[in-house]
Amino acid sequence: MWKKIRLILKSVRQYKASAIITPLFMILEAALECALPFVMSMFVDTIEKISTVEDIMKPFLYENPNFHISVNVSLFWLIIILISMALVSLACGILGGVFGSKASVGLATNLRSDMYRKLESFSFANIDKFSASSLVTRMTTDINNVQMAFMMMIRIVVRAPLMMIFSAVMAFISGGSMAWIFVALIPVIGFLLFLIIINAMKIFRRLFKRYDLLNESVQENVTGMRVVKSYVREDYEKTKFNTASDGMTGEFVHAEKIVALNNPVMNTAIHLSNVLIIGIGASVIAKTATHDGEKEQIIWNGLSIGQMSSLLTYGIQILMSLMMISMIMVMLVMSLEAIRRIGEVLEEEPTIKNPENPVYEVKDGSVDFSNVTFKYSEHAEKNTLENLNIHIKSGQFIGILGSTGSGKTSLVNLISRLYDISQGELLVGGVSVKDYDLETLRNNVAVVLQKNFLFSGTIADNLRWGNLNATQEQLEAAAHIAQADEFIESFPKKYETRIEQGGANVSGGQKQRLCIARALLKEPKILILDDSTSAVDTKTDKLIRRGLKDDLPETTKIVIAQRISSIEDADQIIIMEDGHINAIGTHDELLKHNHIYQEIYYTQNNKGGDK
């Protein structure tokens with residue numbers, strides 16, 4: 001845990017000065033707060049010596065020159081000192097708040113940035129370890145908890161213990177043996193608060209897991225809103241959400257009930273200490289009179305009224321500081337769980353990194369799998385792909401066919417090194433993918449994923465993800481090859497048409513064609529289409545393939561498809577079955593000799609034939 005705390009504190013960076021200055025202001029504020037009651041007791045004792053306001057003014061009016069002018073001078077300076085101390089204390093509190101806010105908000109800002117950069121460096125294997133909803137919770141709720149905890153650490157955690165220590169010392173200075181009442185109460189109150197904290201800790205730890213479940217429910221409903229409505233499952237999803245929400249509510253209410261015991265416990269302690277001090281003091285009241293005939297001064301157990309007043313104030317400060325410490329402990333418990341979860345992300349090492357001396361040029365689009373074996377996790381019992389041997393020449397058109405779960409997508413993900421192979425060797429352009437600079441490799445291998453995604457912005461903005469500096473002519477050329485130009489031109493604003501989040505305002509086929517155009521703008525050596533024309537009609541599919549063949553003759557094209565018509569003119573067709581290569585050949589060769597290909601072909605074309 002300490003390692004994670006140190007890791008998170010590194011994100012303070014440019015706000016380190018504010019984080020250091022804040023506790024200094026808190027120390028000064030605590031010292032002044034504790035000195036004020038002592039000076040106030042002197043002020044009260046001085047006031048006690050003066051019977052009326054008229055007596056106070058007489059020396060200034062020169063009506064009673066025999067009056068003790070020194071008393072009034074002392075009173076004047078005590079007022080000046082009290083006002084000065086109060087103003088300095090106020091200034092320290094304000095400055096501590098300003099610098100503390102700057103440091104805590106700065107930490108949260110840097111922490112979000114650090115987490116985001118870390119996520120960007122993750123491979124698919126790293127991302128698989130964390131759910132999307134959990135990552136959202138860690139970057140929002142968890143960081144907010146850490147921000148609040150850091151603010152308390154540099155302000156309240158410094159101020160509260162010092163207030164308790166300073167107040168205890170000043171209580172002994174002001175009240176002598178009477179201060180032992182507070183010392184006796186502190187362990188009792190501390191034990192009760194410890195019980196409150198321990199019980200609250202268990203609940204807050206469970207709450208973070210419920211946060212993930214709630215966010216997951218919300219994310220699923222927002223993403224799958226069309227499915228929910230089409231199946232009329234709103235009531236079911238509402239019930240599921242309410243169950244998660246009510247579970248959190250119940251846990252929060254339970255935790256808050258426990259934490260709320262802080263106030264009655266502390267109020268009882270404060271009242272009890274006051275009763276004890278006043279009761280013990282009252283039992284030994286003694287009146288003494290001065291011998292020069294001036295006003296009598298009341299002494300409580302050897303203490304003046306001013307000292308008794310300061311003693312009661314110090315008692316309240318001690319117990320209130322103890323209550324603040326207990327509240328801090330609850331907050332820190334919540335933040336420790338948040339720190340653990342954030343630390344897991346920051347400590348996660350990318351499974352795929354650049355080599356020490358990377359290759360920065362991809363010679364061509366040739367791809368060679370030599371005895372390649374792959375599994376998603378070291379602890380997986382079964383290999384996802386096993387003993388693959390594939391040799392693809394640069395510029396070839398390769399089709400991949402197979403049932404769901406046969407390993408088609410896993411195979412193409414290895415080419416751009418989204419995952420690392422477990423065994424064997426994988427070459428692109430004659431060089432191992434592990435020897436390439438990652439950015440160089442991925443810029444030369446364009447992938448249109450199975451799940452197409454468009455970002456909010458214009459059509460042109462989305463296309464320029466492939467090439468930030470693409471000209472309008474390049475956008476139009478890529479859209480033409482992908483057969484997207486016709487529907488783009490039909491929009492009133494054409495390439496400046498706004499795309500809603502996730503591409504919600506375009507059809508599935510339009511989305512696929514825009515994603516293909518985006519990939520083409522990278523001018524890759526290898527283009528991978530992972531079932532990326534499934535939502536377009538066969539005529540458009542054929543036009544896309546013709547465009548790829550005519551306009552990108554030197555680019556290696558690897559197409560995963562469910563329709564044989566999408567890959568029947570491929571140079572090679574790879575049949576995948578349960579992570580193995582069942583067969584490799586042309587359309588005619590496989591139609592003659594491979595029963596899997598025959599079955600798919602005749603089923604899709606409604607023909608009979610020998611199988």
Side-chain angles (χ1 to χ4, degrees), residues 1-13 15 18-19 22-23 96-97 99-119 130-160 193 196-219 244-245 247-260 262 323-348:
M1 181 56 73
W2 286 111
K3 182 180 177 182
K4 289 181 172 65
I5 292 173
R6 287 195 298 270
L7 184 63
I8 286 175
L9 288 178
K10 288 181 180 178
S11 297
V12 175
R13 290 198 292 275
Y15 301 98
S18 296
T22 301
F99 284 104
S101 298
K102 185 178 179 180
S104 60
V105 171
L107 170 66
T109 301
N110 289 341
L111 205 51
R112 287 192 185 94
S113 178
D114 292 344
M115 283 188 69
Y116 188 79
R117 285 200 298 270
K118 192 72 173 184
L119 290 175
F130 305 98
S131 68
S133 60
S134 178
L135 289 172
V136 169
T137 304
R138 293 171 201 239
M139 292 194 69
T140 52
T141 304
D142 288 355
I143 288 182
N144 287 338
N145 286 334
V146 170
Q147 177 182 334
M148 289 299 296
F150 186 69
M151 167 72 87
M152 296 180 77
M153 283 292 294
I154 59 178
R155 294 190 67 218
I156 311 301
V157 171
V158 174
R159 188 179 188 278
L193 295 179
I196 292 172
I197 293 167
I198 290 296
N199 284 282
M201 281 172 57
K202 297 175 183 177
I203 300 172
F204 284 125
R205 283 175 178 167
R206 293 199 300 266
L207 276 171
F208 283 97
K209 294 181 180 179
R210 291 188 178 272
Y211 267 125
D212 290 347
L213 293 174
L214 187 67
N215 283 341
E216 185 176 353
S217 176
V218 173
Q219 183 187 19
S245 180
M248 279 190 62
T249 301
E251 293 279 24
F252 260 121
V253 169
H254 188 192
E256 291 298 332
K257 283 180 179 178
I258 294 173
V259 174
N262 263 346
M323 184 175 74
M324 287 302 300
I325 291 171
S326 70
M327 294 300 294
I328 291 166
M329 292 302 295
V330 172
M331 188 64 200
L332 290 180
V333 167
M334 293 178 62
S335 66
L336 284 175
E337 184 64 17
I339 288 170
R340 183 190 66 78
R341 288 157 55 85
I342 294 170
E344 284 179 347
V345 177
L346 294 177
E347 285 180 341
E348 180 75 10

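- In terms of heavy atoms, E344 sits closest to R340 at OE2-NH1, 2.6 Å.
- Counting heavy atoms from C-beta on, the side chains of I8 and F150 never come closer than 4.5 Å.
- Residue L9 holds its CG atom at 12.0 Å from CG of N110, rounded to the nearest 0.5 Å.
- Checked against side-chain hydrogen bond (donor to acceptor under 3.5 Å, both in side chains), R117 has the following partners two or more places apart in sequence or in another chain: S113, D114.
- Summarising the geometry of V12 relative to A19, their closest heavy-atom pair is CG1-CB, 4.3 Å, with the distance given to 0.1 Å.
- Judged by distance alone, the side chain of R112 and the main-chain N or O of M139 form a donor-acceptor pair under 3.5 Å.
- Put simply, the side chain of T137 reaches to within 4.5 Å of the side chain of R341, judged on heavy atoms.
- Heavy atoms only, all atoms of each residue included: G100 and R155 are closest at CA-CD, 4.4 Å.
- The shortest heavy-atom contact between V146 and A338 is CG2-CB, 4.0 Å.
- The side-chain hydrogen bond (donor to acceptor under 3.5 Å, both in side chains) test applied to S18 returns no partner, not counting sequence neighbours.
- With sequence neighbours excluded, the residues satisfying side chain to side chain contact (heavy atoms under 4.5 Å, CB included) with E347 are K3, K4, L7.
- Within the 4.5 Å cutoff, the side chain of V105 has heavy atoms near those of the T109 side chain.
- Within the 4.5 Å cutoff, no side-chain heavy atoms of M148 are placed close to those of S104.
- Minimum heavy-atom separation, T22 to G96: CG2-O, 3.4 Å.
- With K118 contributing its side chain and E348 its backbone, the two residues share a donor-acceptor pair below 3.5 Å.
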